[in-house]
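As the structure is a prediction and not an experimental result, all values here were calculated from the model.
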Amino acid sequence: MEKKPISRQGFDALNAELKQLREVDRPDIIKTVQWARSLGDLSENADYSAAKEKQRIIDRRIKFLEDYIKDALVVDVDSLSGSRVTFGASVTAKDQDGNRMQCRILSDVEADGKTVIACTSPVGRAMIGKCVGDTCFVRTPAGEKEYEIIEVKFK
């Protein structure tokens with residue numbers, strides 16, 4: 001399986017969420033399921049149905065987190081430097097209309113789509129490898145957008 005880059009902070013956050021789900025949330029929902037089951041007829045028991053659905057959601061999230069953590073490649077973004085856009089870089093870019101965009105290139109699970117862009121997103125993929133002054137083209141649903149890299153910095 002291909003390793004997925006993630007910052008140390010993002011990796012620690014995923015581990016904390018996994019610990020919370022395993023040690024607190026899942027045991028709590030199992031108690032709720034047992035309580036709802038004790039009420040009798042399960043076919044018309046809304047508490048039981050809701051608790052089982054919540055348990056399924058928690059179990060799916062635990063599985064996702066375990067798989068993501070197993071395939072993670074932790075990158076110490078604080079030690080990165082250079083003039084090229086790479087994972088962990090903070091980028092300032094300007095589109096063809098003169099609008100500025102400031103973002104940081106991180107992992108899918110850390111991205112918010114505004115100030116933190118996923119390295120696998122169309123914008124992230126287009127910017128990676130570029131230097132100040134380079135132009136990158138991003139295909140969007142509204143058509144192709146052009147960005148000029150204004151600044152690349154690392155914390």
For Met101 and Met127 the tightest heavy-atom approach is CE-CE, 3.0 Å

Separation between CG of Asn99 and OH of Tyr147, rounded to the nearest 0.5 Å: 8.5 Å

Run the numbers on Arg60 and Ile57 for side-chain contact (heavy atoms from CB on, under 4.5 Å), then give the verdict. CA-CA 5 Å; Arg60 277 193 303 265; Ile57 290 168; 3.5 Å; yes

Can you pull out every salt bridge (Lys or Arg N to Asp or Glu O under 4.0 Å) where at least one residue sits in residues 92-114? Sequence neighbours excluded, please. Asp95-Lys145

Decide if atom CD of Gln102 counts as having more than 12 heavy atoms of other residues, nucleotides or ligands within a radius under 6.0 Å. no

Within a reach of under 6.0 Å around CD of Gln9, are more than 12 heavy atoms found that belong to other residues, nucleotides or ligands? no

In terms of hydrophobic clustering (I, L, V, M, F, W, Y; side-chain heavy atoms under 4.5 Å; direct or indirect links), are Leu14 and Val116 co-clustered? no

Quick one: pull up OG1 in Thr120 and CD1 in Ile128 and give me the separation to the nearest 0.5 Å. 8.5 Å

How many angstroms lie between atom CD1 of Ile6 and atom CD1 of Ile69, to the nearest 0.5 angstrom? 8.0 Å

Lys54 vs Thr32, side-chain contact (heavy atoms from CB on, under 4.5 Å): CA-CA, chis, key distance, verdict: CA-CA 10 Å; Lys54 187 170 182 182; Thr32 304; over 6 Å; no

ILVMFWY cluster, Phe11 and Leu106 together (side-chain gap under 4.5 Å): no

Identify every side-chain donor-acceptor pair in residues 72-82 under 3.5 Å, counting partners at least two apart or on other chains, and give the distances.
{"unit_1": "Asp76", "atom_1": "OD1", "unit_2": "Asp78", "atom_2": "N", "d": "3.4"}
{"unit_1": "Ser79", "atom_1": "OG", "unit_2": "Asp76", "atom_2": "O", "d": "2.9"}

Salt bridge (Lys or Arg N to Asp or Glu O under 4.0 Å) pairs, two or more places apart, involving residues 7-26: Arg8-Asp12, Glu17-Arg61, Arg22-Glu66, Arg26-Asp59

Please report the closest heavy-atom contact between Ala51 and Val33, naming both atoms and the distance. CB-CG2, 3.6 Å

Taking only residues two or more places apart in sequence, or in another chain, which ones meet Lys63 in a side-chain hydrogen bond (donor to acceptor under 3.5 Å, both in side chains)? Asp67

Side-chain heavy atoms of Thr86 within contact of Ile105, under 4.5 Å: no

Residue pairs fulfilling ring pair (Phe, Tyr, Trp, His ring centres under 6.0 Å) with at least one residue in residues 56-96, sequence neighbours excluded: Phe64-Tyr68

Is a side-chain N or O of Gln55 found less than 3.5 angstrom from the main chain of Ile29, in a donor-acceptor match? no

Going by atom type alone, with no hydrogens or angles, which donor-acceptor pairs under 3.5 Å involve a side-chain atom of residues 130-141 and a protein atom two or more places apart or on another chain?
{"unit_1": "Asp134", "atom_1": "OD2", "unit_2": "Cys131", "atom_2": "N", "d": "2.8"}
{"unit_1": "Thr140", "atom_1": "OG1", "unit_2": "Ala142", "atom_2": "N", "d": "3.3"}
{"unit_1": "Thr140", "atom_1": "OG1", "unit_2": "Gly143", "atom_2": "N", "d": "3.3"}
{"unit_1": "Thr140", "atom_1": "OG1", "unit_2": "Gly143", "atom_2": "O", "d": "2.4"}

When every non-hydrogen atom of Ser107 is compared with those of Pro5, the smallest separation belongs to CB-O, 3.1 Å

